[in-house]
Amino acid sequence: MMNCLHSWPEPVTRVQSLAASGIQAIPERYIKSPSHRPLLNDDVQEVNVPVIDFQNLFSGDRGLREEALCCVHNACREWGFFQVVNHGVNHELMKRTCEVWHEFFNLPLEVKQEYANTPATYEGYGSRVGVQKGASLDWSDYFFLHFMPLSLVNKNKWPAIPASCRELVAEYGSEVVRLCGKLMKLFSMNLGLQEDSLLNAFGGEENVGACLRVNYYPKCPQPDLTLGLSPHSDPGGMTLLLPDENVAGLQVRRKGSWLTVKPIPNAFIINIGDQIQVLSNAIYQSVEHRVIVNSNKDRLSLALFYNPKSDLLLEPCKELLTKDQPALYKPMTFDEYRLTIRIKGPCGKKQVESLKSPGQCN
């Protein structure tokens, strides 16, 4: 990593503290340019992204199984997002994990500050992405931690309070990573590849990266002027999101419009990341998304990022290339790829598109 990633360029303000201070107007640093502000009125379109019944993918009924596989394939091609129900992760575990993170974010600031992060790894309690001084900031705090590979896991960096946090996070992470592994096999099969092709391209089961970002979006006095998370596509392989089912916030860009995703209780929202776009040679595409905030309610979500081994070269799978469909992307490691985002912060789809030809994310 670069020296500029070892510290933040200016003092970090906790958004939750700003919100709790009773301010009526948000600081200028959080105000987005007019073209980037959300439309928060009766015209906001709520949408159900495709919903997949996961147990049908393993049904003994061949027709049900093939129909579900087809639904996953179409969702990856046309949306880049879908929701899964009957996924096998314990609903009570999901609920308790969210509750324990609510408890963490409601702890006194000095307790949370013991876990304050730096841009070198992002691990810990944070409030910004990117190290550019004077950058526009998002209305959110977060906690970021590693699950895999095991060499990166340091549970001492996970919250010790609440007392059940580390145990719940470990159990939740194990369940969700297992679900991601099943999804990778389905994606491979739908692309016409060997079942383990994508997983092997990621470095195999023991080497994949998995990390959790717990997003906390405090209520905001001027939600029409800011965003909880600026537009971006996820840089890794795929993201498995446990949203707040009571407070909508995730918006997906589709055909030029921002659509608010309507969460289904006990469902996960899955989205394709840039690295699967690269491996599939853009058959599957990551999709730009962002988060809006709420004037009356705090919102919490858990995003599990499932990523390739950081030092492996990734490029389109050879089996998917033809004379008419040559490789769209030059080889690059995930470490090299995400460095730009860690310096400049979220930047729409510019990062993955820049792989096609010389360019950078401005």
Side-chain angles (χ1 to χ4, degrees), residues 49-59 62 64-89 147-148 175-211 233-242 252 267-289 303-309 312-322 325 327-329 331-332 334 337 349 352 355:
V49 298
V51 179
I52 312 293
D53 188 329
F54 200 74
Q55 65 186 8
N56 287 350
L57 291 159
F58 304 94
S59 169
R62 183 178 174 182
L64 265 182
R65 192 169 66 247
E66 290 186 353
E67 183 185 354
L69 274 168
C70 185
C71 287
V72 171
H73 187 55
N74 290 339
C76 291
R77 284 181 68 104
E78 296 168 19
W79 281 84
F81 270 82
F82 58 94
Q83 297 194 66
V84 290
V85 296
N86 296 322
H87 41 66
V89 179
F147 283 123
M148 295 177 71
E175 292 278 312
V176 175
V177 166
R178 188 179 302 121
L179 177 56
C180 287
K182 292 178 181 177
L183 285 162
M184 289 287 278
K185 291 182 178 181
L186 296 172
F187 296 159
S188 288
M189 290 160 58
N190 273 338
L191 288 165
L193 302 169
Q194 292 294 316
E195 191 178 85
D196 291 330
S197 290
L198 290 181
L199 189 56
N200 289 338
F202 270 34
E205 206 167 319
E206 298 300 314
N207 292 311
V208 295
C211 42
S233 59
D234 289 341
M238 80 171 114
T239 304
L240 193 147
L241 180 77
L242 178 55
V252 177
F268 286 111
I269 299 173
I270 314 293
N271 67 275
I272 298 298
D274 293 346
Q275 303 309 314
I276 285 183
Q277 175 168 329
V278 168
L279 287 168
S280 72
N281 208 36
I283 294 172
Y284 292 170
Q285 296 201 23
S286 60
V287 171
E288 203 172 345
H289 51 286
L304 187 286
F305 302 112
Y306 193 84
N307 299 327
K309 187 171 184 288
L312 281 183
L313 274 180
L314 268 82
E315 58 186 324
C317 294
K318 299 282 192 292
E319 302 93 319
L320 300 177
L321 305 181
T322 65
Q325 294 291 333
L328 293 174
Y329 306 100
M332 181 179 282
F334 185 46
Y337 185 80
K349 285 277 288 184
V352 71
L355 293 187

request  = Test side chain to side chain contact (heavy atoms under 4.5 Å, CB included) on Asp234 and Phe305 and set out the steps.
outcome  = CA-CA 8 Å; Asp234 289 341; Phe305 302 112; 4.1 Å; yes
Positive for ring-ring contact (aromatic ring centres under 6.0 Å, His included) with His87, one of Phe58, Phe268, Phe82, Phe54 = Phe268
query = Do Ile283 and Arg77 have side-chain heavy atoms sitting under 4.5 Å apart?
reply = yes
Euclidean distance, Tyr284 OH relative to Leu191 CG, rounded to 0.5 Å = 4.0 Å
task = Decide side chain to side chain contact (heavy atoms under 4.5 Å, CB included) for Leu193 and Phe187; before the verdict, give the C-alpha distance in whole Å, the side-chain angles of both, and the deciding distance to 0.1 Å.
result = CA-CA 9 Å; Leu193 302 169; Phe187 296 159; over 6 Å; no
Nearest heavy-atom neighbours spanning Pro316 and Leu328 = CG-N, 4.2 Å
request  = Would you name the heavy atoms of His289 and Val287 that are closest together and state the gap between them?
outcome  = ND1-O, 2.9 Å
note = Heavy atoms of Ser233 and Ser286 approach each other most closely as CB-OG, 3.6 Å
task = Locate the shortest heavy-atom distance separating Met184 from Leu199; write the atom from each residue and the value.
result = CE-N, 3.9 Å
query = Hey, what do you get for CG (Asn271) to CH2 (Trp79), rounding to the nearest 0.5 Å?
reply = 13.0 Å
message = Let me confirm one number: the CD-CG distance from Glu67 to Leu57, rounded to the nearest 0.5 Å.
response = 10.5 Å
message = To the nearest 0.5 Å, what is the distance between SG on Cys76 and CG on Asn190?
response = 7.0 Å
request  = Working to the nearest 0.5 Å, report the span between CE of Met238 and CD of Gln275.
outcome  = 12.5 Å
Note, Leu69 side chain near Leu186 side chain (heavy atom, < 4.5 Å) = yes
request  = Measure the CD-CE distance between Glu315 and Met332 for me, rounded to the nearest 0.5 Å.
outcome  = 12.0 Å
note = Between Leu320 and Leu279 the two heavy atoms that sit nearest each other are CD1-O, 3.7 Å
query = Which residues pass the side-chain hydrogen bond (donor to acceptor under 3.5 Å, both in side chains) test with Lys185, sequence neighbours left out?
reply = none
key: Distance-minimising heavy-atom pair for Gln83 and Ala267   = OE1-CB, 3.9 Å
inquiry  = For a 4.5 angstrom cut-off between non-hydrogen side-chain atoms, does Val176 reach Tyr306?
reply    = no
